[in-house]
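Scroll down for the structure; my scribbles are underneath it.
What you see is a predicted model, and the numbers here were worked out from it, not measured in a lab.
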Amino acid sequence: MTTTTAFDIRRIGGRIGAEILGVDLSTGLGPAVVTEINSALLEHKALVFRDQQLDDAGQLRFASLFGDLTTAHPTVPSVDGQPHVLPVDGDDGIRANQWHTDVTFVRTPPKASTLRSIVVPPYGGDTLIANAAAAYRDLPGPLRELADTLWAVHTNDYDYAAPKSEKAAEYRRRFVSRKYRTAHPVVRVHPETGERGLFIGGFAQSIVGLGSSDSRDLLRIFQSYVTRPENIVRVAWRPGDLVLFDNRITQHYAPDDYGDLPRLLHRVTVAGDVPAGVDGTLSHVVEGDDASHYTPAAA
């Protein structure tokens, strides 16, 4: 049986990523089209919509088709007057050039993230997105069996980069103004597909039951499978593009390779559920609150 969609899908990576052609996100999308986009998201993990030219209201409207929205961030201020929109601004050294999954330091990280390009440099400033399910499948059997049993503590309170300016230092202070530590399974079962993926990234700082040295070594090994080139798609931005990615089974990275050039994206995230491990055990808070000010899924 052949499945037809209301749009064209062009794969842009061997294991992750597709461009969606023939959809105008500024118009009202019917439920059938939204279902098809969600199916494409589950299959390809990251979707690119070129030349959409949305404003904040349009981005919010599109993201809300996939569920309730979070506020911009648990600790960092939103765009003025837009409590659900986070500015991703490369100005003054505020750059997320580390592999991570969005906001995994809280118990209910986002289901999906949308990024919309507003100002992009003439070179550099791409976004890399990695398939954590493919990484899990790549693990040798003994490593896969070990990963299935492990839990990691994720936190926003660690020194991931030396601030390059006073503005960046102030951003860092705001980022850790409320401290969170949450235990998540190293292998998360995707709630819609049942796929297993490595749920780690930059906020995962230690393995439950292990010391810091052993934790670093194990996380480094698992992370090396996530970031193998065959598991990554590289998105080169043009102004007006929008990217939607499944935050439950991907990581992403924005290389700091554009010097002093301006780069501004806006991020809107869809609220997620509590991650579950292979035995069904759910993530739990180790330190901090339930972030109910951030996500309606915290309850």
Side-chain angles (χ1 to χ4, degrees), residues 7-26 29 33-34 36-67 69-70 72-73 79 84-90 95-103 109-121 124-134 201 226-227 231-258 263-270 272:
F7 46 80
D8 292 327
I9 301 172
R10 184 175 72 86
R11 295 182 66 165
I12 55 176
R15 292 184 170 185
I16 179 174
E19 285 192 5
I20 302 299
L21 309 173
V23 174
D24 182 354
L25 301 185
S26 67
L29 302 180
V33 175
V34 174
E36 291 172 359
I37 292 173
N38 190 71
S39 295
L41 179 65
L42 295 177
E43 179 179 356
H44 299 288
K45 310 296 190 288
L47 304 178
V48 181
F49 301 81
R50 296 290 187 187
D51 305 316
Q52 292 295 318
Q53 307 301 330
L54 296 176
D55 56 11
D56 284 337
Q59 184 177 1
L60 289 163
R61 183 172 58 249
F62 174 68
S64 68
L65 295 173
F66 300 93
L69 301 182
T70 71
H73 193 272
V79 170
H84 300 283
V85 181
L86 180 75
V88 181
D89 192 344
R95 301 184 178 185
N97 56 316
Q98 184 182 62
W99 284 104
H100 66 286
T101 298
D102 282 337
V103 200
K111 165 186 175 179
S113 295
T114 65
L115 286 173
R116 175 171 61 92
S117 59
I118 299 171
V119 178
V120 296
D126 298 346
T127 295
L128 282 63
I129 308 173
N131 184 341
V226 177
T227 58
N231 292 333
I232 295 171
V233 66
R234 188 176 192 122
V235 178
W237 293 98
R238 300 194 298 255
D241 291 347
L242 183 138
V243 171
L244 168 68
F245 56 86
D246 191 333
N247 198 60
R248 300 164 293 189
I249 204 158
T250 63
Q251 291 183 28
H252 55 284
Y253 181 104
D256 182 5
D257 61 355
Y258 50 99
R263 179 183 185 269
L264 175 63
L265 311 178
H266 278 184
R267 188 184 85 186
V268 176
T269 53
V270 182

Ile118 and Leu265, any side-chain heavy atoms less than 4.5 Å apart: no
Nearest heavy-atom contact between Lys45 and Ala133 is CE-CB, 4.4 Å
Which pair of non-hydrogen atoms, one from Arg15 and one from Asn231, has the smallest distance, and what is that distance? NH1-OD1, 2.7 Å
Side-chain touch Trp237/Leu115, heavy atoms, less than 4.5 angstrom: yes
Looking only at heavy atoms, which two atoms of Ala18 and Ile12 are closest? And how far apart? N-CG1, 3.6 Å
Return yes if some donor-acceptor pair links the side-chain N/O of Asp256 with the main-chain N/O of Asn97 below 3.5 Å, else return no. no
Can you name the closest pair of heavy atoms from Val243 and Val48 and give their distance? CG2-CG2, 4.1 Å
Separation between CD (Gln251) and CD (Gln98), nearest 0.5 Å, reads 9.5 Å
Would you say Leu244 and Phe62 make side-chain contact, with heavy atoms under 4.5 Å? yes
Separation between OH of Tyr253 and NE2 of His100, rounded to the nearest 0.5 Å: 11.0 Å
Between the CD atom in Gln52 and the CZ atom in Arg116, the distance rounded to the nearest 0.5 Å is 11.0 Å
Taking Ser64's backbone N and O only, do any of them form a donor-acceptor pair with Arg61's side chain (distance below 3.5 Å, no angle check)? no
Quick one, Trp99 and Ile232 - any side-chain contact, counting heavy atoms below 4.5 Å? yes
Please confirm whether the backbone N or O of Arg238 pairs with a side-chain atom of Ser117, one donor and one acceptor, at under 3.5 Å? yes
Is there a donor in the side chain of Thr114 and an acceptor in the side chain of Gln59, or the other way round, less than 3.5 Å apart? yes
Taking C-beta and beyond as the side chain, do Asp246 and Leu42 meet within less than 4.5 Å on heavy atoms? yes
Going by distance alone, is a donor N or O of one side chain under 3.5 Å from an acceptor N or O of the other, for Asp56 and His84? no
Is there a donor-acceptor pair under 3.5 Å between the side chain of Asn247 and the backbone N or O of Asp102? yes
Rounded to the nearest 0.5 Å, what separation is found between the CD1 atom of Ile37 and the CG atom of Leu65? 8.0 Å
Measure from the side-chain N and O atoms of Asp257 to the backbone N and O of Gly125, and report whether any donor-acceptor pair falls under 3.5 Å. yes
Which pair of non-hydrogen atoms, one from Leu41 and one from Leu47, has the smallest distance, and what is that distance? N-CD1, 3.7 Å
CG-CZ distance between Asp24 and Phe49, expressed to the nearest 0.5 angstrom: 11.5 Å
Report yes if the side chains of Ile20 and Ile9 come closer than 4.5 Å at any heavy-atom pair, otherwise no. yes
Rounding to 0.5 Å, atoms CZ (Arg263) and OG1 (Thr127) come to a distance of 4.5 Å
Looking only at non-hydrogen atoms, find the nearest pair between Thr269 and Ser113 and report the distance. CG2-OG, 3.3 Å
